[in-house]
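One structure is given here, and the rest of the page talks about it.
Remember, predicted model here, so these are calculated numbers, not experimental data.
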Amino acid sequence: MALSWNEIKDRALNFSKEWADTSNEEADAKPFLDAFFDVFGIARKKIGTFEHRVKKLSDADGYIDLLWKGTILVEMKSKGKNLEKAYQQAIEYTHGLKQHDLPKYILVSDFENFKLYDLESPLPASPEGGGVIEFKLNDFVNNVQHFGYILGYQKKVYKEQDPANIKAAELMGKLHDRLEEIGYLGHPLEVYLVRVLFCLFAEDTTIFNKQQFQEFLEQRTAEDGSDLASKLQELFQVLNTAKENRFKNLDEQLADFPYVNGKLFEEILPTASFDTKMRQALLDCCYIDWSKISPAIFGSMFQSVMNPKERRNLGAHYTSETNILKLIKPLFLDELWNEFESIKDNKNKLPEFHKKLSTLKFLDPACGCGNFLVITYRELRLLELEILRATHKSGQQVLDVNSIILLDVDMMCGIEYEEFPARIAEVAMWLIDHQMNMQISNEFGQYFVRLPLKKSAKIVHDNALQKDWEDVVTKNELSYIIGNPPFIGHQLRNEQQIKDLELVFNDNKRSGRLDYVTAWYLKAAQYIHGTKIKVAFVSTNSIVQGEQTSILWGQMFKQLNVKIHFAHKTFNWSNEAKGNAAVHCVIIGFANFDISIKRLFAYEELNGEPHEIIVKNISPYLTEGKEILIESRSNAIHSFPEMAKGSQPTDGGNLILTKADKDELISKNQKLEGYIKNYLGAYDLLNNNERYCLWFADIVPELLREFLKIDFLKQRIENVKKMRLASPTPSVKKDAERPFLFTQIRQPKECYLVVPETSSSNRKYIPIAYLNKNVIASNSLQIINSSSLYLFGVLQSKQHNSWIVNISGRLKNDIRYTPNVYHTYPFPENPNEKQIKAIEEKAQNVLDARLQFPNSSLADLYDPLTMPPSLIKAHNELDKAVDLAYRQQPFTSEAKRMEFLFELYEKYTADLFTKEKVKKSKKTI
């Protein structure tokens with residue numbers, strides 16, 4: 001039984017008195033150190049050896065006074081000797097030790113003075129730096145806490161990317177690969193590795209004795225690994241058996257292991273097989289300090305070793321702790337801490353608050369390896385620790401730590417599609433629970449461990465979109481739903497995922513346009529209907545942009561009365577792992593009831609920190625304002641010419657020419673010059689890229705026959721025909737009859753406006769341009785059959801760009817401009833002649849400013865770093881003219897600008913609805 005800190009302090013006082021007056025003649029390191037470790041209830045003989053021989057750098061023999069492998073090295077000197085030299089001598093000794101035997105601490109003493117060096121501290125090894133603790137014998141009682149490590153107590157430092165995590169995952173990966181190679185596969189392999197993982201953590205976090213698992217392997221198994229599998233099988237059976245039910249003649253080393261239970265070791269698995277290398281691989285795993293690895297991230301990293309293709313980017317798939325906190329803090333944690341701060345000095349309210357905390361229940365319906373649940377539980381346990389500190393701050397003795405801890409892992413529930421991460425999540429919850437129990441133990445001076453395991457997180461292995469969540473946790477019990485469901489775009493869904501979406505959306509035909517993650521949003525909204533349960537999910541930002549917004553949030557708002565309580569606007573969801581591609585994400589917290597104060601977190605830079613805005617309401621586009629949805633429309637809400645995609649070749653590149661191709665063809669037949677046109681896509685428009693195309697829209701048959709005598713041209717047309725005939729699309733197959741024409745021809749007959757379909761979000765304005773009728777616009781340009789300066793001016797303004805940024809979809813983080821963005825844009829209402837002329841004048845100034853730089857591309861001109869001052873000035877003047885056409889009062893913020901545009905859109909669409917209703921009524925009459 002471990003000693004409490006009060007008992008240790010009593011022993012420390014007696015130790016100091018006993019050795020206070022020791023003379024140099026009486027000083028003997030062996031009894032001194034025996035008595036020293038006995039203060040902590042540790043039998044010195046079980047942990048280390050005296051006069052441990054090592055080879056120094058000089059190749060001479062050295063003798064360490066006491067070495068506890070992997071923990072502490074002690075060097076004793078006579079009274080008055082230089083302890084700094086003793087430390088240097090101890091450091092020299094470490095060069096002769098194996099990597100896994102290296103100590104974490106060095107203690108040097110002359111029987112009167114002590115110096116304890118923390119070799120893993122990032123601080124300098126000096127009293128000023130903090131890497132060393134100095135004290136005298138008579139002050140030992142006030143320094144015993146610094147030796148907490150030898151009792152298993154430690155302060156956790158959570159790192160999002162620690163090399164130890166990578167090393168641990170790699171070592172487990174080697175063991176996994178070898179077991180798989182010999183034919184130990186599937187479910188047994190997964191459970192087997194989870195058990196090994198638990199044992200590795202257990203011996204480094206005081207669930208087992210220090211190095212107990214390692215010593216069992218080293219001392220009780222053969223070097224060739226021939227009996228390792230049977231010994232592990234025996235160990236697993238022991239860990240699953242209560243001490244009173246174990247065999248009476250059980251090996252002493254096995255009998256010393258605790259009873260774990262928790263069903264982790266219950267299932268009888270097939271016996272594995274090991275060899276020398278596999279045994280060494282397992283021992284190498286033991287030599288890692290697993291106490292340094294956060295359960296919050298090891299699960300996902302460990303899962304990634306299961307897939308060798310993913311292993312080169314270890315760490316790329318776990319959810320960073322920082323990002324998890326972005327979700328749980330505004331969802332519930334900030335509120336709980338604020339409540340605690342308001343009542344922490346009230347002895348009557350503290351117990352009520354503590355009880356409330358213990359009744360909370362959480363569900364992650366796509367929990368993976370449990371990252372969200374682990375971090376959530378850890379943060380709640382840290383809050384519980386503060387409650388206990390406040391409750392017992394007068395210093396009164398706590399007789400039983402177990403009686404004051406109310407929170408346990410069964411408050412966490414999860415659903416996971418794959419079995420292996422589900423099992424990892426269960427173990428991760430036990431491990432974080434134990435780490436938090438160690439903090440409580442350290443605080444209150446009592447060793448507390450929950451063994452045997454009686455409770456566990458409820459992690460269900462199932463399809464969350466088909467499973468009834470009430471079978472996992474009832475609505476009456478549940479407090480919060482959290483998580484980051486799968487990031488799978490609508491074009492990447494497999495057949496099963498399409499069925500899942502159809503099931504949740506009740507065969508809504510428009511669900512085919514939705515990303516997979518939207519099903520979790522809708523199912524959560526259905527589940528919480530009529531309750532006070534709050535939800536927050538991470539998802540790709542596509543669900544608050546473009547067409548998906550109206551489909552998803554239309555049901556969420558109109559049918560299920562959801563209200564958004566907080567949101568993080570687009571940011572990069574990433575970590576520091578090599579090769580990890582960032583995903584552009586949002587976090588949305590919602591419920592089935594309203595609150596008066598809502599929180600919106602916006603980012604100046606996608607990788608930066610957010611700034612918080614308090615708002616009255618949050619729109620589905622994550623702006624301040626009403627819950628207005630921009631519906632997809634085939635016709636515009638304004639009277640300007642409609643927008644369409646440019647002409648589409650569907651030709652496999654065969655109708656498109658380089659300048660060299662063009663010159664070669666014209667050299668063979670001058671008549672071709674009138675049928676080879678400049679051809680621009682979005683990239684070409686923005687970067688002055690020169691391309692051409694074969695344009696035979698108005699050609700007469702005899703001329704086409706003449707051109708087809710040119711082998712190059714004949715081959716190109718034949719290639720188009722073959723490509724179209726091979727297409728699964730019927731309309732494309734039919735167009736194989738006319739392989740010399742584009743499949744979709746929308747070329748205007750006069751000068752026209754074009755907008756690139758995709759444009760960098762870094763630009764303040766999307767560059768819009770005029771094209772001559774003889775320049776063919778590809779389908780990556782949006783075209784408007786108009787040369788109106790007024791239309792150009794409004795579309796090139798800040799007002800229109802604000803609409804684009806908030807309404808349009810995204811391709812990665814590039815803006816994707818579609819006709820619907822234009823068709824739904826609310827132009828100024830009834831501008832007068834003066835306002836129209838002002839916009840036209842300022843629009844021309846923008847065009848003139850561009851002409852000052854004839855060799856610069858639009859990409860050069862609109863790059864924020866290289867945009868010329870004259871062009872910036874012209875745009876600023878245009879912005880003012882357009883703003884005045886909307887209203888006299890200036891827009892003080894982006895939020896106010898969007899609030900105004902949404903209200904104007906609502907007015908225009910209400911008017912349209914009324915007109916359409918009148919038309920229908922007249923038809924009826």
Side-chain angles (χ1 to χ4, degrees), residues 489-491 512-513 546-547 632-636 641-658 661-662 674-687 689-699 704 707 713 715-759 766-786 808-811 814-823:
H490 71 273
Q491 294 173 323
R513 304 295 304 157
E547 186 181 6
S632 183
R633 305 182 63 89
S634 57
N635 59 324
E642 291 187 358
M643 176 180 278
K645 278 180 177 287
S647 299
Q648 183 163 323
T650 321
D651 64 331
N654 288 287
L655 297 178
I656 313 304
L657 305 173
T658 64
D661 294 334
K662 179 198 80 163
Y675 295 92
I676 296 178
K677 308 280 189 182
N678 284 86
Y679 178 73
L680 292 182
Y683 178 83
D684 310 307
L685 175 77
L686 294 169
N687 295 281
N689 191 49
E690 192 174 354
R691 284 198 299 169
Y692 299 87
C693 70
L694 296 167
W695 190 257
F696 296 137
D698 301 315
I699 196 166
L704 181 60
F707 291 158
L713 201 57
Q715 186 60 55
R716 285 291 188 100
I717 300 299
E718 187 60 37
N719 290 345
V720 175
K721 185 175 182 178
K722 287 179 181 177
M723 176 263 174
R724 291 179 182 175
L725 285 172
S727 171
T729 307
S731 62
V732 175
K733 275 185 189 294
K734 185 168 179 58
D735 283 323
E737 297 171 7
R738 302 181 304 159
F740 53 91
L741 294 179
F742 279 40
T743 55
Q744 297 174 30
I745 297 175
R746 305 188 188 92
Q747 184 63 17
K749 301 296 184 183
E750 304 294 337
C751 177
Y752 61 101
L753 284 168
V754 291
V755 183
E757 184 180 49
T758 56
S759 178
I766 289 184
I768 296 170
Y770 287 102
L771 292 183
N772 182 286
K773 66 178 181 179
N774 290 316
V775 178
I776 307 302
S778 88
N779 56 298
S780 67
L781 288 174
Q782 306 293 357
I783 61 174
I784 307 170
N785 199 348
S786 171
S808 70
R810 292 289 192 277
L811 185 64
D814 290 341
I815 288 170
R816 188 168 177 271
Y817 196 106
T818 64
N820 197 59
V821 177
Y822 168 76
H823 290 156

Salt bridge (charged side-chain N to carboxylate O under 4.0 Å, His left out) partners of residues 738-747, not counting sequence neighbours, each pair once | D735-R738
Shortest non-hydrogen pair, L694 vs L713, comes out as CD1-CD1, 3.4 Å
Derivation of the ring pair (Phe, Tyr, Trp, His ring centres under 6.0 Å) call for Y679 and W695 = CA-CA 10 Å; Y679 178 73; W695 190 257; 8.5 Å; no
Test side-chain contact (heavy atoms from CB on, under 4.5 Å) on E757 and Q782 and set out the steps.
-> CA-CA 6 Å; E757 184 180 49; Q782 306 293 357; 3.8 Å; yes
Which pair of non-hydrogen atoms, one from M643 and one from T818, has the smallest distance, and what is that distance?
-> SD-O, 4.2 Å
Distance, nearest 0.5 Å, that separates CZ of F740 from CG of L704 | 5.5 Å
Got a second to check how far I676's CD1 is from C693's SG, nearest 0.5 Å?
-> 9.0 Å
Where do R716 and D661 land on the salt bridge (Lys or Arg N to Asp or Glu O under 4.0 Å) test, with the steps shown first?
-> CA-CA 11 Å; R716 285 291 188 100; D661 294 334; 3.6 Å; yes
Shortest non-hydrogen contact between F707 and F696, atoms and distance | CD1-CE2, 3.9 Å
Check whether any side-chain N or O of Q747 sits under 3.5 Å from a backbone N or O of K773 as a donor-acceptor pair, and report yes or no.
-> yes
In this structure, CG of N654 is separated from CD1 of I717 (nearest 0.5 Å) by 8.0 Å
Just how far is it from atom CD of E750 to atom CG of N785, taken to the nearest 0.5 Å?
-> 8.0 Å
Polar side-chain atom of K733 near backbone of S727 as donor-acceptor pair, under 3.5 Å = yes
Y822/I784 under side-chain contact (heavy atoms from CB on, under 4.5 Å): CA gap, chis, key distance, verdict | CA-CA 10 Å; Y822 168 76; I784 307 170; 3.7 Å; yes
With the side chain counted from C-beta on, respond yes when P767 and S759 share a heavy-atom pair under 4.5 Å apart, and no when they do not.
-> yes
Apply the test ring pair (Phe, Tyr, Trp, His ring centres under 6.0 Å) to residues Y770 and Y752: give CA-CA distance (whole Å), side-chain angles for both, the deciding distance (0.1 Å), then the verdict.
-> CA-CA 6 Å; Y770 287 102; Y752 61 101; 9.3 Å; no
With a 4.5 Å heavy-atom cut-off, do L685 and L781 have their side chains touching?
-> yes
Identify the heavy atoms of S780 and A682 that sit nearest to each other, and give their distance.
-> OG-N, 2.8 Å
Taking all non-hydrogen atoms of both residues, which atom of R724 and which atom of V732 are closest, and how far apart?
-> CB-O, 3.5 Å
Any sub-3.5 Å donor-acceptor pair from N820's side-chain atoms to R633's backbone N or O?
-> yes
Shortest non-hydrogen contact from R691 to D684?
-> NH2-OD2, 2.7 Å
Where do M723 and N719 land on the side-chain contact (heavy atoms from CB on, under 4.5 Å) test, with the steps shown first?
-> CA-CA 6 Å; M723 176 263 174; N719 290 345; over 6 Å; no
Note, L680 side chain near L771 side chain (heavy atom, < 4.5 Å) | yes
Heavy-atom donor-acceptor pair, D651 side chain to G653 backbone, under 3.5 Å | yes
Would you please name every residue forming a side-chain contact (heavy atoms from CB on, under 4.5 Å) with K721, sequence neighbours left out?
-> E718, L725, A736, P739
Taking the side chain as every heavy atom from C-beta outward, state whether P756 and I766 have any atom pair closer than 4.5 Å.
-> yes
Within-4.5 Å side-chain heavy-atom neighbours: L753 and I768 = yes
Can S731 and T729 be counted as having a side-chain donor-acceptor contact under 3.5 angstrom?
-> no
Worked verdict on S647 versus F742 for side-chain contact (heavy atoms from CB on, under 4.5 Å) | CA-CA 7 Å; S647 299; F742 279 40; 3.8 Å; yes
